[in-house]
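First listed ligand is number 1; within each ligand, the first listed atom is number 1. Positions are given from 1 along the sequence.
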Amino acid sequence: MITETIPQILYEKLLSARTVGVFTGAGMSAESNIPTFRGNEGLWKKFKPEELANFDAFMKNPELVWEWYSSRKKIIHGAKPNPGHFALAELEKLVDEVIIITQNIDNLHRRAGSSIVHELHGNIERNYCIKCGEHFTDDVILSNPLPPTCTKCGGLVRPDVVWFGEYLPQDEFSASENAARRSDVFFSLGTSGIVYPAASIPHIAKYAGAFIVEINPETTPLSEITDITILGKSGILLPEITKNLTSIKHKGL
Ligand code: BV8
Ligand code: ZN
């Protein structure tokens, strides 16, 4: 079902749900003024992923790649979680278990108070030396000339994000697969669902019998498998869902 309003069935499913899985992409943070990848102002309009978000490009031109990541770090440091992020944290009071599975590297789910967050593509606020693995925080990195080098071994330091052609962190990926299999209701929020293997997670939830709910201003390849696709913004619809669910839990359906 593709709709622009929140159908009643969603509340019925959430009232009986024990575990809710939540798969998120860049659209979840769009209302926090963090550019998405494919939107009109999207990152990929200006930069080619193969030119910047991969290891070979980094080794060929670490200055260019660091210029890009330090500009994104500054945007993300200045950003705040939006009402959509807070609504997902709020949902933890209404459902036994809420598990966030995010492609976003912006740390906004945790900053909004979500307690279980699996980061499939890493976290831009972490950095490490490619030679000895030493970790560095952003205050050290951004207060030194770019590209940053390791104070222990002199090796190049990179952001702790997953680049194209790189494997996802196995522990986060298998925990996400597991969460998808255990979900009674599974949300797909603000993602175009075309980057793999992350985009396989909603299919795992579907296959395991979860009730699939997508929120996106436009339909996506995932709309094929959803029970409900609500055309709209996550920062507007999610607070409405948790507000209504709270009052239903108090007054009954
Ligand atoms: C790998 C971190 C193994 C870095 C990222 C199978 C088929 C085809 C290709 C492949 C395949 N398997 C592997 C590949 C290759 C590749 C891939 O998927 N390519 C794509 C482009 C086809 N995958 C990989 O390389 C992966 N690794 O496979 O390793 C391997 C190893 C060796 C050799 C071979 C294979 C690694 C992929 C991870 C890359 N890193 N990010 C960084 O950020 O700098 S991916 C990055 O892009 C994001 O993390 C995210 O995953 C993706 C962007 O997608 P979205 O988040 O969905 O954002 P997008 O802008 O596209 O869409 C936003 C949506 O929100 C839109 O629909 C919009 O309508 C909506 N929206 C807007 N506003 C709102 C909204 N929704 C709600 N509310 C709003 N307000
Ligand atoms: Zn080092």
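- Looking at Val195, Val65, Asn216, Asn104 and measuring to atom 68 (C) of ligand 1, the nearest heavy atom belongs to Asn216.
- Using modelled atom types, one side-chain atom of Asn144 and one backbone atom of Val140 make a donor-acceptor pair closer than 3.5 Å.
- Nearest residue to atom 63 (C) of ligand 1 from Ser188, Gly190, Gly25 is Gly190 (criterion: closest heavy atom).
- Below 3.5 Å of separation, one finds no N or O of Phe164 facing any N or O of ligand 1.
- Summarising the local packing, NZ of Lys233 is surrounded by 12 or fewer heavy atoms from other residues, nucleotides or ligands at distances under 6.0 Å.
- Listed by chain and number, the protein N, O or S atoms at a distance under 2.8 Å from the Zn ion (ligand 2) are Cys129 SG, Cys132 SG, Cys150 SG, Cys153 SG.
- Residue-level proximity to ligand 1 for Ile194 is carried by the backbone, the only part with a heavy atom below 4.0 angstrom.
- No heavy atom of Met28 sits closer than 4.0 Å to any atom of ligand 1.
- Using the six-membered ring where Trp is involved, Trp163 and Phe58 have ring planes that are tilted, between 30° and 60° apart.
- Considering backbone and side-chain atoms together, Thr220 places no N or O closer than 3.5 Å to any N or O of ligand 1.
- For atom 33 (C) of ligand 1, the choice among Pro221, Gly232, Gly165, Ser32 with the nearest heavy atom turns out to be Gly165.
- Residue contact annotation: Ala198 has no non-hydrogen atom under 4.0 Å from ligand 1.
- Residue Val162 has at least one nitrogen or oxygen atom sitting less than 3.5 Å from a nitrogen or oxygen atom of ligand 1, judged on distance alone.
- Distances from ligand 1 to the non-hydrogen atoms of Pro217 include at least one value under 4.0 Å.
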